[in-house]
Amino acid sequence: MHIYDSVQKKKLPFEPIRANEASIYVCGPTVYDDAHLGHARSSLAFDLLSRTLKAHGYAVTMGKNFTDIDDKIIKKVEATGKSIEELTSFYITRYLEEMAALGIQRADIEPKATESLDAIEAMIQKLIDKDYAYVISTGDVYFDTAKDAHYGEISARVAEDEESQSRVEHTSEKRNPKDFALWKACKGEEDICFDAAFSRGRPGWHIECSAMIEKHFTGDTDYSIDIHGGGADLLFPHHENEAAQSRCATGHALAKYWMHNGFVQIDGEKMSKSLGNSFFLKDALKLYDGEVLRYYLNSVHYRNDFNFSEEELHLSKKRLDKLYRLKKRVSPGKASLPNKNFKKALLDAMGDDLNISIALSHIDEMIAKTNDALDANPKDKALKKETLANIDFIDELLGFGGKEPFSYFQIGVDTALKEQIESLIAQRLEAKKAKDFARSDAIRDEITALGINIMDTADGTLWEKA
RNA sequence: GGAGCCAUCGCCAAGUUGGUAAGGCCGUAGAUUGCAAAUCUGCUAUUCACCAGUUCGAGUCUGGUUGGCUCCUCCA
């Protein structure tokens, strides 16, 4: 299996620290607001990575944090009058629910910053002791980038360029403009802060991840974890700083491989709060089924930017529908074993840095071939069982196709409507039997007007929501 | 101003070490159907933003041009 390392900028064979094991840590959200499609894409990308590694036989340990202490959270606390606990646990719960709707498997370790303060304080203290960090008069603690010879290697940033044209304003007693805060001392008495040896305050953003990884993963190996993931915007400064802290504190590298997912864009621009073009996941899930969203958001390679459009989403659903129509055709029944070649083709495609496009094309090919064979021999039981197993495997590896096929096509149809449809179909059948095609077509129009498509098959009339 | 990514059919989108353009949607012709729908089959880029170069051979390598995006501030 190969993955693309965004530090070395090339595809590398995946050789984990420990044979047959894979540890992944992904930067999770700062929980001060609802998740948007961009969060979904990142989660989806690393869910796919985790599933792929598992299918390739690795025992995966996935860690994903929640940043639950931060300026933005504090602002929101002040604005809403809610407690920080109340606020963050609300968004964490919602985040987990929404991700579950997308079929994302829960991480094995889900640390929160506020529950990792001991590890954070310990790591900062270690950096101070080793003289990689310094405390200024306000009590803030900064990382001294000049002391780290390897600083800049993660994001491949030239050391000289930052000063003159940087958009960052530097004030304070920082020794170097690139130095970043490990700990921010509290300023007012009302501030939300915690006691630490160096000052009363709260952790900087970057140190959290390093400390949590250190706490939950690190052993006495050359790297703390195998793969560190996150959005492409985290490469600098977040991951650069994480790597520096961990390297200097622990004496070994943070991650063996770094993977970054591309952005979700709206009309060709990055979706972000500041541009005001965010599409919240909760709103998307009101309009579309989570599985359809998952299929759509995963249909483009994780490293590419993803231009979201509702039109494309609908087209994408058509492709998923075909899989479920096939499933309908081979259901109900018991799955046997997936076709060996098919399974291998999917594993190979996904094993090549998650080449989802190739995987999907194999699925489409399998669908066409199976339909063809079923047209020729509708009672091929062995094929039906194998097909069910193929679809089970798709669900395991890619996370779609797992629903009961009849219910998939009835999402959003209530019981009353369902009864109405079935009654109309029965009436139409009567008309057809009497060869009263004018009437049967009129009934079909009536059904269509309800937003339902029907199709006559050898097994009777089937219907699905348009 | 600095750093990087990207540009493939009407649309979405693959394309390891250069070897003669996957797949899906749409469209179209046909099989099937009372008609549809669904399903299947055929057709649909001599060409990969543009220019020049290396090569027997380039979408794939090199240089340049144009256009788009991202990072350098919180950000998935």
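Order of the sequence lines sets the chain letters (A, B, ...), proteins ahead of strands, with each chain counted from 1. Remember, predicted model here, so these are calculated numbers, not experimental data. Scope of the values below: all heavy atoms of this structure, side chains included, with no hydrogens, waters or symmetry mates.
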Sugar-phosphate, base or nothing in reach of A/Lys9, heavy atoms under 4.0 Å: sugar-phosphate
Nearest-neighbour nucleotide for the A/Asp375 side chain, B/G34, B/A76, B/C40 considered: B/C40
Candidate nucleotides B/A76, B/C35, B/A14, ranked by approach to the side chain of A/His36 - the nearest: B/A76
Note: A/Lys286-A/Asp283 ion pair, threshold 4.0 Å (strictly below): yes
Cation-pi, A/Phe393 ring and A/Lys343 (6.0 angstrom, 45 degrees): yes
Sugar-phosphate, base or nothing in reach of A/Ser440, heavy atoms under 4.0 Å: base
B/G15 base / A/Asn355 side chain donor-acceptor hit below 3.5 Å: no
Over-ring placement of A/Lys10 relative to A/Tyr4, 6.0 Å and 45° cut-offs: no
Touch class at under 4.0 angstrom, heavy-atom based, for A/Asn371 against every strand present: sugar-phosphate
Assigned partner base of B/C71, Watson-Crick or wobble definition, under 3.5 Å: B/G2
Pairwise 5' ranking along RNA chain B for A/Asp305 and A/Lys322, keeping only the more 5' one: A/Lys322
Closest-nucleotide ordering on RNA chain B, the 5'-leading residue of A/Gln265 and A/Asp372: A/Asp372
B/C25 base / A/Asp364 side chain donor-acceptor hit below 3.5 Å: no
Sugar-phosphate only, base, or nothing, as touched by A/Arg444 at under 4.0 Å among non-hydrogen atoms: base
N/O donor-acceptor pair, side chain A/Lys72 with base B/C74, under 3.5 angstrom: yes
Shortest side-chain distance from A/Ser357, nucleotide among B/A76, B/A13, B/U39: B/A13
Base-pairing mate for B/C9 - Watson-Crick or G-U, with both contacts under 3.5 Å: none
A/His228/A/Tyr25 aromatic ring centres below 6.0 Å: yes
Ring-ring centroid check A/Phe14 A/His2, cutoff 6.0 Å: no
side-chain N/O A/Arg325 vs B/U39 OP1/OP2, d < 4.0 Å: yes
Any strand: nucleotide that pairs with B/A52 via Watson-Crick or wobble, under 3.5 Å: B/U62
